[in-house]
Amino acid sequence: MMDISEPSTRRGFLDWLIAACSSVAGAALVIPGLVYLWPAAKGGAAENVEVEGASDMSPGQARTIQIAGKAVIVVRKRSEYRAFLAACTHLGCLVTWDSSRNEFLCPCHAAVFDENGEVVSGPPPSPLPRYQIKEVGGKVYVSAA
Ligand code: FES
């Protein structure tokens with residue numbers, strides 16, 4: 001004798017399987033989009049990111065940190081700190097700090113920025129964007145201006 005409940009059980013299982021696979025596929029498509037649209041989820045908050053070990057930096061020394069997924073160079077100048085976006089304003093190459101020259105250098109088209117982020121030479125159309133520094137309780141924090 002044929003069991004009439006078997007097709008509906010099998011059909012129910014297939015419906016459930018299709019719904020589960022659709023949910024997983026949907027999540028796989030939506031979650032990366034949300035992470036892309038919400039940069040803070042990748043690189044942390046844009047406000048008050050601590051510069052780890054800032055007090056150990058010697059004058060003239062620089063350290064690169066991440067703020068909201070962007071590279072930021074923090075430079076210690078005697079007792080003060082300065083922070084700039086590490087992306088060149090020409091085409092976005094990463095700049096480096098040259099402590100012997102007190103300048104930021106872009107390797108892509110030989111641009112030079114002074115210690116205040118101002119363009120000294122090369123094709124960049126504008127200075128390096130500057131970040132705000134806060135010193136609280138012996139710790140150094142950087143935030144977007
Ligand atoms: S990208 Fe820096 S000078 Fe062109």
Side-chain angles (χ1 to χ4, degrees), residues 6-145:
E6 186 177 336
S8 70
T9 302
R10 201 177 280 166
R11 180 175 198 95
F13 174 74
L14 287 175
D15 287 345
W16 175 87
L17 187 62
I18 289 169
C21 289
S22 296
S23 298
V24 170
L29 291 173
V30 170
I31 290 173
L34 291 175
V35 170
Y36 174 78
L37 293 173
W38 190 13
K42 290 193 296 185
E47 297 292 323
N48 300 322
V49 175
E50 182 180 354
V51 182
E52 298 287 337
S55 59
D56 298 333
M57 293 169 64
S58 355
Q61 190 178 12
R63 184 165 292 166
T64 302
I65 63 172
Q66 294 285 319
I67 298 181
K70 296 178 180 174
V72 174
I73 297 182
V74 180
V75 178
R76 181 171 183 180
K77 299 292 295 177
R78 294 186 187 87
S79 61
E80 73 169 296
Y81 298 85
R82 297 175 186 177
F84 300 90
L85 182 65
C88 179
T89 55
H90 180 222
L91 295 178
C93 291
L94 288 180
V95 300
T96 56
W97 171 250
D98 186 328
S99 61
S100 65
R101 295 171 52 171
N102 265 348
E103 293 174 327
F104 296 94
L105 308 175
C106 179
C108 292
H109 308 100
V112 178
F113 299 86
D114 70 12
E115 64 184 8
N116 297 312
E118 297 293 330
V119 179
V120 173
S121 65
S126 57
L128 295 174
R130 194 164 180 163
Y131 284 70
Q132 291 184 338
I133 297 280
K134 290 179 191 164
E135 295 185 51
V136 180
K139 294 185 176 184
V140 177
Y141 298 91
V142 179
S143 63

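Note that ligands are numbered from 1 as they come in the structure, with each ligand's atoms numbered from 1 the same way. Atom set for the values below is all heavy atoms of this structure, side chains included, hydrogens, waters and symmetry mates excluded. On a predicted model such as this, the values are computed, not experimentally measured, just so you know.
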- Message: Let's test this: below 2.8 Å, count the protein N/O/S atoms around atom 4 (Fe) of ligand 1.
- Response: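 Excluding waters, the total comes to 2.
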Whether [X] side chain and [Y] backbone form a donor-acceptor pair below 3.5 Å:
X      : Y      : answer
Thr89  : Ser126 : yes
Arg130 : Gln132 : no
Arg82  : Gly117 : no

(Q) Quick test of your reading: applying salt bridge (charged side-chain N to carboxylate O under 4.0 Å, His left out), list the pairs with at least one residue in residues 87-101, sequence neighbours left out, ordered by first then second residue. (A)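 The answer is Arg101-Glu103.
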Query raised in the report: Which pairs with one or both residues in residues 83-97 pass salt bridge (charged side-chain N to carboxylate O under 4.0 Å, His left out), sequence neighbours excluded?
Result: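 Salt bridge (charged side-chain N to carboxylate O under 4.0 Å, His left out) check on residues 83-97 returns no pairs.
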Return a table of donor-acceptor pairs under 3.5 angstrom between the side chains of residues 105-112 and protein atoms on other chains or two or more places apart.
from	atom 1	to	atom 2	distance (Å)
His109	ND1	His90	ND1	3.2

